[in-house]
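Have a look at the structure below, then the notes.
Small disclaimer: the values here were computed from a predicted structure and weren't measured.
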Amino acid sequence: MKKINFHSLSLSILIAGLPTLAHALSGFEQGQDAILSLAGCHIVDYSYTETESLKDGYTIDGRVYDSNRNKTTYELIIPIQKSANEIRLQHVLFMKDLKTGEVKGLMKHHAEDWAFEANDHYQFVAPGLWQSVGPSPAGTWVRKTTNLDDGLRYQCEGNWDFSVHHPEFNCATFAPIPGREIRDMGRKDYNTLDRTSRVIAYDYSWVERQENIKTIYQDGTQTPLAKEHGRIWYVKQNDEACSEAKQWALGNMAYWKVLMDTWEEYLGQGKDWSEVKAIDGMPRFAAMFAVEEKYANALRTQPELATEAKAEIRAIIEKYKK
């Protein structure tokens, strides 16, 4: 697989051919190859539709979530080596104008942390609450999807299946309401999601198919509201199509590493995690943007500022902890 060449940065976290574990099973190497095949420059099509009402009196929302109705959505997916058995796929999201091709809205999107036989991982149990559930079973991968500021969102464990024509990974988990539903669809009538994901890796694209249940969580009770079918297609493009995003990411990578490392110090403790949704109407990821703006460019030439940046990141994390 052709990897994005970031070697000029001399950052050890960027993948330049992952080392294999001396004791690794063949399943590790196969899974690693499948995960790395998801990296690169892509046009991305997000599509979600409600298919069935599950609650008396609820009428299906007939709107279709379509990310490319009036623009073209791209994601540059950067592979990063976090440890010998953990790979981060950092997503960088941007759009292009349908007529001019002008790049708009560059942003650090979510990341996927794929850990083989994870030492510890977290299960979302209620809005603002995650429980540490310990090691994953032998031979399994944990796929952790992060918040925009690298905080917890949802995780699930499963196996890559190589007995089928195209490798696929299946998992299911409880999760917070998606940001698209609050931000773009204005939904306030549910707050959690039962997610079932099926990732299929093709030769020049990959897809994540979802069968979800929109769920109302209240006082420890989960009430199903509606079934939802989702599909995210990632279609490979030439690297040049993501050139602006690549340059922008290079400028921010030093800060992103500090952010990632700071969160690892918290989440590596194996303790339950609880946080508030917002303070004075501002979610944590928005508060964290100010730290990125302050340090992203400076850290490129002044790595000694990492300690100062980490202290400010910690302060925000602590502020939003319950």
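- A donor-acceptor pair under 3.5 Å is absent between the side-chain atoms of N147 and the main chain of L152, judged by distance alone.
- The CD atom of E75 sits 9.0 Å away from atom CE of M107, with the distance rounded to the nearest 0.5 Å.
- Side chain of K277 to backbone of P127: no donor-acceptor contact under 3.5 angstrom is found.
- With hydrophobic clusters built from ILVMFWY side chains whose heavy atoms lie under 4.5 angstrom apart, Y48 does not share a cluster with L193.
- Remark: the Q30 side chain and the Q32 side chain contain no N/O donor-acceptor pair separated by less than 3.5 Å.
- The pair D61-R187 meets the salt-bridge criterion, since a charged nitrogen lies less than 4.0 angstrom from a carboxylate oxygen.
- Atom CD of residue Q81 and atom CG of residue L36 lie 10.0 Å apart, to the nearest 0.5 angstrom.
- With hydrogens and angles ignored, the 3.5 Å screen pairs a side-chain donor or acceptor of K71 with a backbone N or O of S67.
- Around the NZ atom of K96, the shell of radius 6.0 Å holds more than 12 heavy atoms that belong to other residues, nucleotides or ligands.
- A centroid separation of 6.0 Å or more is found between the aromatic rings of Y154 and F124.
- Residue pairs meeting the ring-ring contact (aromatic ring centres under 6.0 Å, His included) criterion with at least one member in residues 296-322, sequence neighbours excluded, do not occur.
- Evaluation of the side-chain contact (heavy atoms from CB on, under 4.5 Å) rule for T140 yields S136, P137, N159 as partners, not counting sequence neighbours.
- For CE of M282, the number of neighbouring non-hydrogen atoms (other residues, nucleotides, ligands) closer than 6.0 Å is 12 at most.
- A salt bridge does not link K108 to E293: none of the charged side-chain nitrogens sits closer than 4.0 Å to a carboxylate oxygen.
- For Y202 and W233, the distance between ring centers is under 6.0 angstrom.
- Under a cut-off of 6.0 angstrom, the local environment of CZ in R300 is sparse, with at most 12 non-hydrogen atoms contributed by other residues, nucleotides or ligands.
- Between Y122 and K271, the shortest heavy-atom contact is CE2-O, 2.9 Å.
- A pairwise comparison of heavy atoms in N297 and G251 identifies OD1-O, 4.4 Å as the closest pair.
- Counting all heavy atoms, side chain and backbone alike, A296 lies closest to N252 at CB-OD1, 3.2 Å.
- At a cut-off of 3.5 Å, with distance as the only test, a side-chain donor of N85 or S83 sits close to an acceptor on the other residue.
- A donor-acceptor pair is defined here as one N or O able to donate and one able to accept, closer than 3.5 Å; no such pair exists between the side chain of H166 and the backbone of V164.
- Shown here are the side-chain contact (heavy atoms from CB on, under 4.5 Å) partners of L54, two or more places apart in sequence or in another chain: E52, I213, P224, K227.
- Judged as a salt bridge (Lys or Arg N to Asp or Glu O under 4.0 Å), not a single pair has a partner in residues 39-49 (not counting sequence neighbours).
- Using a 4.5 Å cut-off between side-chain heavy atoms of Ile, Leu, Val, Met, Phe, Trp and Tyr, with links allowed through other members, V103 and W248 fall into the same hydrophobic cluster.
- Taking all atoms of both residues into account, the shortest heavy-atom contact from A39 to L89 is CB-CD2, 4.4 Å.
- Taking the charged nitrogens against the carboxylate oxygens, E168 and R198 do have a contact shorter than 4.0 Å, which makes a salt bridge.
- Residues I216 and D189 fail the side-chain proximity criterion, which asks for heavy atoms closer than 4.5 Å.
- One side chain, N212 or Q210, offers a donor N or O that lies under 3.5 Å from an acceptor on the other.
- Side-chain contact annotation: Q237 with Y204, donor-acceptor N/O pair under 3.5 Å absent.
- By the ring-ring contact (aromatic ring centres under 6.0 Å, His included) test, F285 pairs with F289, sequence neighbours left out.
- No donor-acceptor pair under 3.5 Å is formed between the side chain of T192 and the backbone N or O of A175.
- No side-chain donor-acceptor contact under 3.5 Å links E228 and Y65.
- By the 30° and 60° cut-offs, the orientation of the rings of W114 relative to F169 is perpendicular.
- One finds a salt bridge joining D150 and R88 here, because a Lys/Arg side-chain nitrogen approaches an Asp/Glu carboxylate oxygen to under 4.0 Å.
- Between atom CD of residue E240 and atom NZ of residue K246 there is a gap of 9.0 Å, rounded to the nearest 0.5 Å.
- In this structure, a donor-acceptor pair under 3.5 Å is present between the side chains of E208 and S197.
- Applying the ring-ring contact (aromatic ring centres under 6.0 Å, His included) test to Y74 and every residue at least two apart in sequence or in another chain returns F94.
- Proximity of a side-chain donor or acceptor of H121 to a complementary backbone N or O of G134 within less than 3.5 Å is detected.
- Atom CG in L225 sits 13.0 Å away from atom CD in Q222 (nearest 0.5 Å).
- Smallest separation of non-hydrogen atoms from A34 and S37: O-OG, 2.6 Å.
- For the residue pair R143 and Q155, no side-chain donor N or O sits within less than 3.5 Å of a side-chain acceptor on the partner.
- Every residue two or more places apart in sequence or in another chain that forms a side-chain contact (heavy atoms from CB on, under 4.5 Å) with A226 is listed here: E50, Y58.
- Residues meeting the side chain to side chain donor-acceptor pair (under 3.5 Å) test with D194, sequence neighbours left out: none.
- With sequence neighbours excluded, the residues forming a side-chain contact (heavy atoms from CB on, under 4.5 Å) with D97 are K99, T100, E102, K104, listed by chain and number.
- Side-chain atoms of D272 and S132 include no donor-acceptor pair closer than 3.5 Å.
- Applying the ring-ring contact (aromatic ring centres under 6.0 Å, His included) test to H229 and every residue at least two apart in sequence or in another chain returns nothing.
- Taken to the nearest 0.5 Å, the CD1 atom of I317 stands 6.0 Å off from the OG1 atom of T262.
- Across all their heavy atoms, A287 and I316 have their closest contact at O-CD1, 3.6 Å.
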Pair up each side-chain donor or acceptor in residues 307-315 with any protein partner under 3.5 Å, not counting sequence neighbours, and list the distances.
unit_1: E308; atom_1: OE2; unit_2: Y295; atom_2: OH; d: 2.7
unit_1: K310; atom_1: NZ; unit_2: E265; atom_2: OE2; d: 3.1
unit_1: E312; atom_1: OE2; unit_2: K294; atom_2: NZ; d: 2.7
unit_1: E312; atom_1: OE2; unit_2: Y295; atom_2: OH; d: 2.6
unit_1: R314; atom_1: NH2; unit_2: E265; atom_2: OE1; d: 3.1

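- Using a 4.0 Å cut-off between a side-chain N of Lys or Arg and a carboxylate O of Asp or Glu, E275 and K322 do not qualify as a salt bridge.
- A ring-centre distance under 6.0 Å is not found for W263 and W256.
- Atoms CH2 and CD1, on W206 and I77 in that order, are 5.0 Å from each other to the nearest 0.5 Å.
- At least one donor-acceptor pair under 3.5 Å links the side chain of Q90 to the backbone N or O of H109.
- Within the structure, ring-ring contact (aromatic ring centres under 6.0 Å, His included) contacts touching residues 175-196 (residues at least two apart or in different chains) do not occur.
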